[in-house]
Amino acid sequence: MRIVFKVGTATLYENGRLSDRIDKIVELLSELNKNHEIILVSSGAVGAGYTKCPLDKTKLENKQALAAIGQPLLMREYKERFHKYDITVAQVLVTAADFDSRKRSENAKKMINVLLENNVIPIINENDSVSVEEIIFGDNDQLSAYVTYYFDAGLLIMLSDIDAFYDDNPKKNKNAKPIKKVTKIKDEWLNAECDPNDKFATGGIVTKLKAAKFLMDKNIPMYLTNGNDLNSVREFLKGNHTKGTLFF
Ligand code: ADP
């Protein structure tokens, strides 16, 4: 199966520094790469840039500069780790406009197919440094849903800092309960306030729900789980769904 993984900033960075969770994620993807085609959508360029050059990221041009500084740093972190498993990676930077028309997305898909046929793992990110407001996704949650659909993947796995989707924001409501399976995205959920956890993050739960809705409308499952607990992914792929939320 072709599987897209989305790794969020909150998973990659801890207190402004790259977390060693990245080692575990690369290990998992290398393992799965033996039997599946793996595409990685990774956030974290702005965060990586910030470690070298702490600019005020509330200014758009600074954030774009941080993405430009951080993208090669982030790629180097992945490249070195995948190299240990003899896997080559490719950097693929996209914008929303690349998915505007069937023709453009077909062109991109052909290139992705070449990478996968050659056992290369594409690492996709939004081309933040030159994106202008009208054409940005602004978060990799929806980008990863587009990648999943337009590049013919059968499943999107989102690794976040939260272990499931809850019936209320678990950071604010201690009684919130995890939901194991979501078959319909309620409109009221999409109106909740965007609350990304990390100061570098742009997503929050709402963009994840929008991504899930986009895929559910196309009959493609999305699985949300904690990037800290990769065994939940291993088990899920074996058909044992005990943790995390399946949107399908
Ligand atoms: P990532 O960087 O992985 O994309 P985000 O910080 O953008 O992660 O989004 C995950 C965060 O969304 C959680 O840590 C949690 O604080 C917040 N959140 C708000 N409402 C919910 C909810 N109903 N269920 C799960 N998480 C929620």
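Whatever order the structure lists ligands and atoms in, that order sets their numbers, starting from 1. Computed over heavy atoms, backbone and side chain alike; hydrogens, waters and symmetry mates excluded.
- Here Lys210 does not pair with Asp141 in a salt bridge; the nearest charged N to carboxylate O distance is not below 4.0 Å.
- Using a 4.0 Å cut-off between charged nitrogen and carboxylate oxygen, Asp152 and Arg2 do not count as a salt-bridge pair.
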Acceptor/donor pairs from residues 65-77 side chains to any protein atom, 3.5 angstrom cut, sequence neighbours excluded:
from	atom 1	to	atom 2	distance (Å)
Gln71	OE1	Asn125	ND2	2.9
Gln71	NE2	Gln91	OE1	3.1
Glu77	OE1	Arg81	NH1	2.8

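- In the model, Asn33 has a side-chain atom that pairs as donor or acceptor with a side-chain atom of Asn119 under 3.5 Å.
- By the criterion of a heavy-atom distance under 4.0 Å, the side chain of Lys208, and not its backbone, is placed next to ligand 1.
- Near Ala164, meaning under 4.0 Å from any of its heavy atoms, are these atoms of ligand 1: 25 (C).
- With a 4.0 Å heavy-atom cut-off, ligand 1 is reached by the backbone of Asp168 but not by any atom from C-beta on.
- By the 4.0 Å heavy-atom criterion, Lys172 is excluded from the residues contacting ligand 1.
- Look at Asp167 and Lys186 and you find no salt bridge, because none of the NZ, NE, NH1 or NH2 atoms lies under 4.0 Å from a carboxylate O.
- For the ligand labelled ligand 1, residue Ala176 lies outside the 4.0 Å heavy-atom shell.
- In the vicinity of Pro170, heavy-atom distances shorter than 4.0 Å reach the ligand 1 atoms 21 (C), 22 (C), 24 (N), 25 (C), 26 (N), 27 (C).
- If you look at Lys6 next to ligand 1, the close heavy atoms, those under 4.0 Å, all belong to the side chain.
- Contacts classified as ring pair (Phe, Tyr, Trp, His ring centres under 6.0 Å) and involving residues 81-108 (residues at least two apart or in different chains) are given here: Phe99-Tyr146, Phe99-Tyr150, Phe99-Phe151.
- Of the charged side-chain nitrogens involved, none lies within less than 4.0 Å of a carboxylate oxygen, so that Lys84 and Glu27 do not count as a salt-bridged pair.
- Here Glu106 does not pair with Lys103 in a salt bridge; the nearest charged N to carboxylate O distance is not below 4.0 Å.
- Between Gly8 and ligand 1, no pair of N/O atoms sits closer than 3.5 Å.
- Residue Ala10 has at least one heavy-atom neighbour below 4.0 Å for each of these atoms of ligand 1: 2 (O).
- Ligand 1 has no N or O atom lying under 3.5 Å from any N or O atom of Asp167, backbone or side chain.
- Residue-to-ligand polar distances place Asp161 within reach of ligand 1: an N/O pair is separated by less than 3.5 Å.
- Atom NZ of Lys109 sits in a crowded spot, with more than 12 heavy atoms from other residues, nucleotides or ligands closer than 6.0 Å.
- Taking all heavy atoms of Asn226, Ile205, Thr207 into account, the minimum distance to atom 26 (N) of ligand 1 is reached by Ile205.
- When each atom of ligand 1 is checked for a heavy atom of Thr9 under 4.0 Å away, the hits are 2 (O).
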